[in-house]
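Please read the structure below before turning to the comments.
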Amino acid sequence: MADAVGEALADALERSVRTGAIAAPDGAADIVVEKPKDPSHGDVATNLALRLARHAGRPPLEIAEALREHLVLGEIIESAEVAGPGFINMRVHPAWLAAQLAPVIGAGERWGDVDLANGRSVQVEFVSANPTGPVTLGATRGAAVGDALANVLDAAGYRVEKEYYVNDAGSRMQTFFESCAWYYRTMCGIDAPPPDELYPAAERAAELLLAEHGDALRDLPIDQLGEHGVVAQLAEIRRDLEQLGVHFDSWFHEQSLFDSGAVEDMLRRLRDAGCVVERDGAVWFAATAVGLDKDEVLVRSNGMPTYFTSDLAYHLDKLEKRAFDRAVDVVGADHQGHLPRMFGALRVLGIAPSRLDIVITQLITVGGAKMKKAAGHYVTLREILDQVGADAIRFFLISRGTGSTIDFDLDLAVKAGNENPVFYVQMAHARCAGVFRQAQADGVPTGSPDLSFLGTDESPLIRLLLDLPEVVRSVAQDLEPHRLTFYAQEVAAAWHRYYHDHRIVDATAPALSTARLHLAAAVRVTLARTLRLMGLSAPERM
RNA sequence: GCCCUCGUAGCUCAGCGGAUAGAGCAGCCGCCUUCUAAGCGGUUGGUCGUAGGUUCGAUUCCUACCGAGGGCGCCA
């Protein structure tokens, strides 16, 4: 809709300039068409005159008036008026709006697609929690956000791959091995002192081993026992995420970067670039040499590379070796520390920083208390999955901007009745399905609608449906999936209201019913797509 | 001390430089013989943390300050 109106405005601008009514703008005019918050300001509005005023050296109102006179009214724009400081408020013809329903229905599952990608690919990496314990609520936020973003980027035309980066290397694994082995052997009745550093989350892996193998593994060496624990825990992580409806295309193991020599290659290139110094027996990335505030350790004095080092090799692998055009990392706020140095190092390695976007999700508290996985204070995905359900969890976790901290109120989530907007949206979809069931029962035809039955009562709802491509564009551009939840609620509210005020299926007025079913079909397509983009189901009945 | 995020209605939060700042929940008043009341309508409720700056126009951008959370390890 905005595109069609924008073209008409561009046309009016050109005509105004040609007739000398207003001076030519310098450069291409950036025509912004938006929906006014106040419905009395029309269906669409533009601030074009306000923007042109500066270069034209004339009051915005005069320019707006000139533009309005040159605007062609007719098929699309029904009326236009100048208002406020220089806005042009326009009303879109209801017949034109009604005619837009068929393309929506025709687009079906692909309604809302836009092309922002120009054939580019993007890899979205998320969750990526250590395989040392169950999926926490915090990691679940990353799962919900990352999966929704991947869906939206797909809708925006990108070739998308979703990846889980398995941190199965590094010194934490040894701690996990020892903890897992101790828990397991304790469960087998072996009395031994706990390791110096005990990792409480490792208890889960021990439980899984006990359930699967009984005490058959009790005499295995710690490392072998630990490896079994990693495999079992990773399998459970995968199961839990699948139950949430999150599926990954690829599971990339950190360890493979060491096995393939990718870490060493990366270090050699940093060294060749003159960005590596040795100090205190360790090897450092000389971040201060490229203008950053502090250096970062690449290889410890004990010879072990740090997480930072493998992370650099990992990003080089995706952006250079696997050659994704873009990469999006969804990470928790506790991971943002080394980001400036990572961008700095990637630049040294020849990777343009613009190819990598980091989405930082803020932390989640439960009942106001923060969670510390290392201390054993956390809520897991599997605990809440049974109580709350995947759809409600996902909707809630993407319904806030990624920059906001979320307090997860478990009691409230379990209640989940009218507190929970996910049911409101899904109910709207179920009602769409319901009217088609009714139509079939009453023998009301659903094809070839007479669009003249659709007028100003339907216009606000149709206008909202036509916003979906713009919502997709906005979410893909800013990587803020919470806008989907607000859009979904708006569409649901408009449909619930319409449904309440208008009988859709009426066997005594078949032509009217057919026209309204045409509208219902477009609502259904729009709600189903929006739900799917969020990773939620679109139920036929509730 | 330095870096990042946040501060908007009683609560939880939208608001991608525009007009009289919005929604849900909570509160109050109404609506089921009708395609799902998991719904609809009405109503109460704001010094947009503070002070400056940029702009025709600032909740939005910039600076400083105040407050909350996070990060500043040869952990990941």
Side-chain angles (χ1 to χ4, degrees), chain A residues 32 34 36-38 40-41 45 47 50-51 53-54 59-60 83-87 89 128-130 132 167 169-173 175 254 279-284 293-294 296-308 310-311 332-340 360-363 365 370 374 399-407 409 412 416-424 426-428 430-431 433-439 441-442 444 470 473-475 477-478 480 482-483 485-486 489-490 492-493 496-507 513 516-517 520 541-542:
Chain A
V32 178
E34 59 184 13
K37 292 173 191 165
D38 184 342
S40 73
H41 292 145
N47 60 0
L50 291 153
R51 286 163 163 267
R54 192 181 318 175
F87 292 97
N89 295 334
S128 299
N130 298 334
T132 55
N167 296 137
S171 61
R172 272 207 181 172
M173 292 314 291
T175 307
E254 181 185 7
R279 188 163 64 234
D280 306 328
V283 178
W284 300 70
D293 58 344
K294 64 172 92 167
E296 181 139 350
V297 171
L298 291 162
V299 182
R300 303 183 188 98
S301 51
N302 67 7
M304 293 286 290
T306 60
Y307 170 79
F308 177 68
S310 49
D311 209 25
D334 52 341
H335 265 243
Q336 40 119 315
H338 72 264
L339 254 31
I360 299 171
T361 59
Q362 291 299 316
L363 300 181
T365 57
K370 55 187 165 185
S399 67
R400 311 284 149 81
T402 52
S404 302
T405 53
I406 291 183
D407 187 56
D409 186 332
L412 205 64
N418 52 10
E419 303 275 333
N420 204 325
V422 68
F423 296 112
Y424 182 82
Q426 290 183 320
M427 182 63 198
R431 278 184 155 175
V435 294
F436 282 97
R437 285 193 295 269
Q438 188 68 32
D442 291 359
V444 172
E470 172 58 22
R473 188 203 59 76
S474 155
V475 172
Q477 216 151 56
D478 300 339
E480 284 287 8
H482 70 280
R483 290 174 192 160
T485 68
F486 286 87
Q489 290 176 84
E490 271 186 74
H496 282 310
R497 183 181 305 122
Y498 183 85
Y499 180 93
H500 184 264
D501 293 341
H502 302 80
R503 176 86 201 175
I504 310 297
V505 178
D506 181 353
S513 299
R516 287 180 175 170
L517 284 164
R541 57 179 87 229
M542 293 182 72

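Only a predicted model underlies this, so the values are computations on that prediction, with no experimental measurement involved. The sequence lines fix the lettering, A, B, ..., with proteins before strands; numbering per chain opens at 1.
- Residue side chain A/F87 meets the stacking definition with respect to B/A19: its ring centre sits within less than 5.5 angstrom of the base's six-membered ring centre, and the planes differ by less than 30 degrees.
- Comparing B/C25 with B/A38, their C1' atoms sit 15 Å apart, to the nearest whole Å.
- Phosphate proximity of B/C75 to A/R300: present, with a side-chain N or O under 4.0 Å from OP1 or OP2.
- Among A/T361, A/T405, A/I406, the one residue that satisfies the side-chain contact (heavy atoms from CB on, under 4.5 Å) test with A/R400 is A/I406.
- Summarising the geometry, the separation between CD1 on A/I504 and P on B/C35 is reported as 12 Å, rounded to the nearest angstrom.
- Nucleotides of RNA chain B nearest to A/Y424 and A/D280 differ in position, and the one nearer the 5' end is that of A/Y424.
- For the C1' atoms, the distance from B/G46 to B/A37 is 32 Å, rounded to whole Å.
- Paired regions of RNA chain B, where each region holds three or more successive Watson-Crick or G-U pairs whose two hydrogen-bonding distances fall under 3.5 Å, are B:1-7 with B:66-72, B:10-13 with B:22-25, B:27-31 with B:39-43, B:49-53 with B:61-65.
- At least one side-chain nitrogen or oxygen of A/S171 sits closer than 4.0 Å to the OP1 or OP2 atom of B/A76.
- Considering only the side chain of A/A45, B/A19 comes nearest among B/U36, B/A19, B/U34.
- Here A/R497 reaches the OP1 or OP2 of B/G41: one of its side-chain N or O atoms lies under 4.0 Å away.
- Taking only distance into account, the side chain of A/N47 meets the base of B/G18 through a donor-acceptor pair shorter than 3.5 Å.
- Between the base of B/C74 and the side chain of A/S301 there is a donor-acceptor pair shorter than 3.5 Å.
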Protein N or O to nucleotides 2-8 of chain B N or O, pairs below 3.5 Å:
from, atom 1, to, atom 2, distance (Å)
B/C4, O2, A/Q336, NE2, 3.4
B/U5, O2', A/G403, O, 2.6

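- Checking B/A14, B/A19, B/A76 against the side-chain heavy atoms of A/H338 singles out B/A76 as nearest.
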